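Scroll down for the structure; my scribbles are underneath it.
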Amino acid sequence: MHLHAAFIPPASVRQALFDLLTAQEPVPQPPVAVETPRGLFRRKGTPEPEEEVPTGPLLDLVPVDSLVLPITDFGYLNAEDARRLGDAVERACAELPRGPSVRVSGGSALIDPDDRSVWAELEVTDDDLAALRTIARTVVSSVEPLGFFCDRRRFRPRLAVATINDATTVEHLEQVLGALSDYQSAPWKMAEVDILQRGAGVWRTVMVGG
C-alpha cells in the first residue's frame, strides 16, 4: 500500500471551496462550428465540412476528496511496516500539545517558477504556523528510527485547489484569486493527522495531543 500523511480540513470547508471555484467557471457553451478551407479537389457544390472547436474548464479543479494539506509521503509499505509506521506516528503525536485553530482566508497562484497551482491560503499566526510545522516534523521524525526517511520540507500552509491549463486566461485567474481573497472559512482545530492510502482514502486517523 502507498501511504502519505496530511491534514484534512472539515468537509464543509472543502465543499465550500470547491463550490466557490466552480461558481467562477463560465457556463459551458455548445461547440462552435468553424468552416474549414475548401479542399483542392473538392467537387463544386459539396457542403463544406464543419469542425467542432472543443470547450472546457478554464481551470482544472482539485476534487473535494483531494483537498488536503500534505505533510509527507511514506511510499509503498507492506502491511506489517504500515502498522509499525502508524503506531509510531500515533505515539509521537500523542505527546504534542493540541494543534492550533486555523481557517482558510485568501488565495495565491503560481508561487514558484514551475508551479501551476492555485492555492487557498491558511490564516495563521506565527505561533500557529510554528505549531503546525512542529506536528509535520514530528510525523516525519517519528518514523525515521524505523528506517523510513521522508521529506521534511513538504508541508506548506496552503491548500492546492486548482491547476491552470491551456485554456486559463489572466483575467479568469485574477477573478478566481479575487473570489478567494473575499472568502473566509469558519475556523477549525488541527487536532488530527490522517494517514491516507492512495486510491483508498483515510487509512488511519491519529490524534494530536492524545
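These values consider heavy atoms only, across backbone and side chains, with no hydrogens, waters or symmetry-generated copies. As the structure is a computational prediction, the values presented were derived from the model and not from experiment.
With rounding to the nearest 0.5 Å, the separation of CH2 in Trp188 from CZ in Arg103 is 10.5 Å. Atom CH2 of Trp203 sits about 6.5 Å away from atom CG of Leu85, to the nearest 0.5 Å. Considering CG of Leu196 and NE2 of His2, their distance stands at 11.0 Å, rounded to 0.5 Å. With rounding to the nearest 0.5 angstrom, the CD atom of Gln15 is 11.5 Å from the CG atom of Leu20. The line from CZ of Arg83 to CG of Asn78 is 10.5 Å long, rounded to the nearest 0.5 Å. The line from CZ of Arg137 to OG1 of Thr72 is 13.5 Å long, rounded to the nearest 0.5 Å.
Gly99 and Val208 make their closest contact through N-CG1, 3.9 Å (heavy atoms, listed as atom of the first residue, atom of the second, distance). Listed here is the closest heavy atom pair of Ser108 and Arg158: OG-NE, 4.3 Å. Of all non-hydrogen atoms in Ala88 and Ser142, the two that sit nearest each other are CB-O, 3.6 Å. When all heavy atoms of Ala16 and Tyr183 are compared, the closest pair comes out as CB-OH, 3.6 Å. In plain terms, the two heavy atoms of Arg133 and Phe155 that are nearest each other are CG-CD2, 4.1 Å. Of all heavy-atom pairs between Asp115 and Ala109, the closest is OD2-C, 4.4 Å.
Criterion: ILVMFWY side-chain heavy atoms under 4.5 Å apart, direct or through other members. Under it, Val143 and Ile195 are part of a common hydrophobic cluster. In the hydrophobic clustering of ILVMFWY residues, with side-chain heavy atoms under 4.5 Å counting as a link, Val202 and Met207 come out apart. Note on Ile8 and Val104: separate hydrophobic clusters, where clusters join Ile, Leu, Val, Met, Phe, Trp and Tyr whose side-chain heavy atoms are under 4.5 Å apart, directly or indirectly. In the hydrophobic clustering of this structure, Met1 groups with Leu146; members are Ile, Leu, Val, Met, Phe, Trp, Tyr whose side-chain heavy atoms approach within less than 4.5 Å, directly or through other members. One hydrophobic cluster, built from ILVMFWY side chains closer than 4.5 Å, cannot hold both Val68 and Met190; they sit in different ones.
The main-chain N or O of Ala92 is never found under 3.5 Å from a side-chain atom of Thr138 such that the two would form a donor-acceptor pair. Under a 3.5 Å cut-off, the side chain of Ser101 and the backbone N or O of Lys189 do not form any donor-acceptor pair. Under a 3.5 Å cut-off, the side chain of Glu25 and the backbone N or O of Leu59 do form a donor-acceptor pair. Judged by distance alone, with hydrogens and angles left aside, the side-chain atoms of Arg204 form no donor-acceptor pair with the main-chain N or O of Asp194 at under 3.5 Å. For the pair Arg98 (side chain) and Ala191 (backbone), a donor-acceptor distance under 3.5 Å is absent. The closest donor-acceptor contact from the side chain of Arg116 to the backbone of Ile164 lies under 3.5 Å.
Counting heavy atoms from C-beta on, the side chains of Leu132 and Leu122 come closer than 4.5 Å. Using a 4.5 Å heavy-atom threshold, the side chains of Phe7 and Val102 count as separate. In this structure the side chain of Pro9 reaches within 4.5 angstrom of the side chain of Leu159, judged on heavy atoms. No side-chain heavy atom of Phe18 sits under 4.5 Å from any side-chain heavy atom of Asp65. A heavy-atom distance below 4.5 Å is not found between the side chains of Pro157 and Leu69.
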Could you walk me through whether Asn165 and Thr168 pass the side-chain hydrogen bond (donor to acceptor under 3.5 Å, both in side chains) check? CA-CA 5 Å; Asn165 58 37; Thr168 306; 3.2 Å; yes
Begin from the C-alpha positions of His4 and Phe74 and carry the test ring-ring contact (aromatic ring centres under 6.0 Å, His included) through to its verdict. CA-CA 5 Å; His4 58 105; Phe74 298 120; 8.5 Å; no
Trace of the side chain to side chain contact (heavy atoms under 4.5 Å, CB included) decision for Val206 with Val139: CA-CA 10 Å; Val206 172; Val139 170; over 6 Å; no
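Between Arg84 and Asp81, at least one side-chain N (NZ, or NE/NH1/NH2) sits under 4.0 Å from a carboxylate O, which counts as a salt bridge. With respect to the salt-bridge test (charged N to carboxylate O, under 4.0 angstrom), the residues Arg198 and Asp73 qualify.
The neighbour count for Asp112 CG, taken as heavy atoms of other residues, nucleotides or ligands under 6.0 Å away, is above 12.
Remark: of the listed residues Leu61, Val62, Leu180, Leu180 is the sole one forming a side chain to side chain contact (heavy atoms under 4.5 Å, CB included) with Leu17.
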